[in-house]
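Below you'll find the structure, written out as structure tokens, and then a few comments.
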Amino acid sequence: MVNKWINTAQSLLYPSTCILCGAPGSNDLDICSPCRQELPVNTNCCRLCAAPITAIADCNKICGKCMVSPPVFDQCIAPFLYLEPVDQLISGFKFRQKLGSGKLLSLLLLDFLRRIQGDKPDVIMPVPLHRKRLTERGYNQAVELARPIGKHFKLPLDLSSCVRRHLTLPQMSLKKQSRLRNIKGAFEIRKEIRFRHLVLIDDVVTTGATVSELAALLKKCGAARVDVWALARTP
Ligand SMILES: [Zn+2]
Ligand SMILES: [Zn+2]
């Protein structure tokens, strides 16, 4: 009751405003309805790796790549395509301290996850950031994305079992083969993995090299199932 009153008071004092066009926000989110409808959604995608599929939609679709070789992780969910303005919102959040964009992105991802059926994981593991990057940036964007999701689904966040031991180059800046080399051996498990079903949270999945590397390591250390929840997939 008190919480509800506080929320109402907050929305009266600080009405939501669209981060993209400045119009009043909709549903207490900092995005208006027309701008939200224009976001590039990843509707027709592979049910395993979330890569966009251009062929005719069917409910059991798997991309050619996953048919030949299924991913190490069990399922990737990514509601948006890494196109304008989602790419701008993500890079603002990641590289220009735009925490308001991060909050909006996290709530949009949560809104999508709330609507899908599926087994609830035991724990959320945001993809770890190297210590040096964390010091430079002040926050790990994957942790910030994960917080409202963990709170909503009442899932713990595991922020200490795994560390990033190599300072890797940004995956986006590299070609496919270099991405695999860049990320190989980048993570280290520091504690026993006690959970069976984990979900990794990251901002963007490009080739999936980062989440595959981490999922393989977690499975080697006893995880039975590793899913991925990301904001966006590159087309
Ligand atoms: Zn707008
Ligand atoms: Zn696929």
Side-chain angles (χ1 to χ4, degrees), residues 11 14-93 96 98-113 116 118-119 127 171-172 175-177 179-180 183 199-216 219 225-235:
S11 54
Y14 309 104
S16 54
T17 305
C18 179
I19 241 166
L20 295 168
C21 75
S26 160
N27 295 323
D28 275 340
L29 291 177
D30 286 328
I31 189 164
C32 69
S33 245
C35 286
R36 188 170 179 180
Q37 274 163 27
E38 301 252 303
L39 293 178
V41 284
N42 187 17
T43 35
N44 195 23
C45 66
C46 171
R47 70 178 170 88
L48 294 181
C49 75
I53 297 181
T54 41
I56 301 160
D58 74 72
C59 56
N60 203 26
K61 52 207 165 181
I62 294 181
C63 74
K65 208 178 138 209
C66 289
M67 288 243 211
V68 177
S69 156
V72 190
F73 52 82
D74 292 78
Q75 191 190 26
C76 175
I77 290 169
F80 299 104
L81 291 168
Y82 193 70
L83 296 172
E84 257 187 78
V86 171
D87 56 351
Q88 296 299 324
L89 290 172
I90 292 177
S91 63
F93 169 44
R96 297 191 301 279
K98 295 203 169 169
L99 294 173
S101 300
K103 185 181 164 211
L104 171 65
L105 291 167
S106 175
L107 294 175
L108 289 172
L109 176 59
L110 170 61
D111 195 47
F112 184 85
L113 294 168
I116 52 172
D119 297 334
V127 171
Q171 290 287 82
M172 282 271 177
K175 293 216 161 56
K176 194 182 164 207
Q177 282 311 313
R179 280 179 183 166
L180 294 172
I183 207 73
V199 64
L200 302 175
I201 290 199
D202 207 358
D203 49 352
V204 188
V205 171
T206 308
T207 57
T210 305
V211 284
S212 295
E213 174 74 17
L214 189 47
K219 287 194 171 182
R225 176 170 168 178
V226 182
D227 293 333
V228 179
W229 293 345
L231 269 171
R233 192 74 163 84
T234 46

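Ligands are counted one by one from 1 in listed order, and the atoms in each one are counted from 1 as well. These numbers come from the heavy atoms of this one structure, side chains and all, not from hydrogens, waters or symmetry mates.
Contact check for Ser26 versus Cys35: no side-chain heavy atoms found under the 4.5 Å cut-off. Taking 4.5 Å as the limit, some side-chain heavy atom of Leu108 sits within range of a side-chain heavy atom of Leu39.
Within 6.0 Å of the CG atom in Asn27, the count of heavy atoms belonging to other residues, nucleotides or ligands does not exceed 12.
With sequence neighbours excluded, the residues satisfying side chain to side chain donor-acceptor pair (under 3.5 Å) with Asp227 are His197, Arg225.
Expressed to the nearest 0.5 Å, how far CZ of Arg233 lies from CG of Leu83 amounts to 13.0 Å.
Among protein atoms, those of element N, O or S found less than 2.8 Å away from the Zn ion (ligand 2) are Cys46 SG, Cys49 SG, Cys63 SG, Cys66 SG. Protein N/O/S atoms closer than 2.8 Å to the Zn ion (ligand 1): Cys18 SG, Cys21 SG, Cys32 SG, Cys35 SG.
The salt bridge (charged side-chain N to carboxylate O under 4.0 Å, His left out) analysis of residues 84-93, with sequence neighbours excluded, yields no pairs.
Salt-bridge annotation for Asp74 and Lys219: present, with a side-chain N of the basic residue lying under 4.0 Å from a carboxylate O of the acidic one.
The shortest non-hydrogen separation linking Ile62 to Arg47 is CD1-NH2, 3.6 Å. Of all the heavy atoms in Ala230 and Pro79, the pair that sits closest is O-CD, 3.1 Å.
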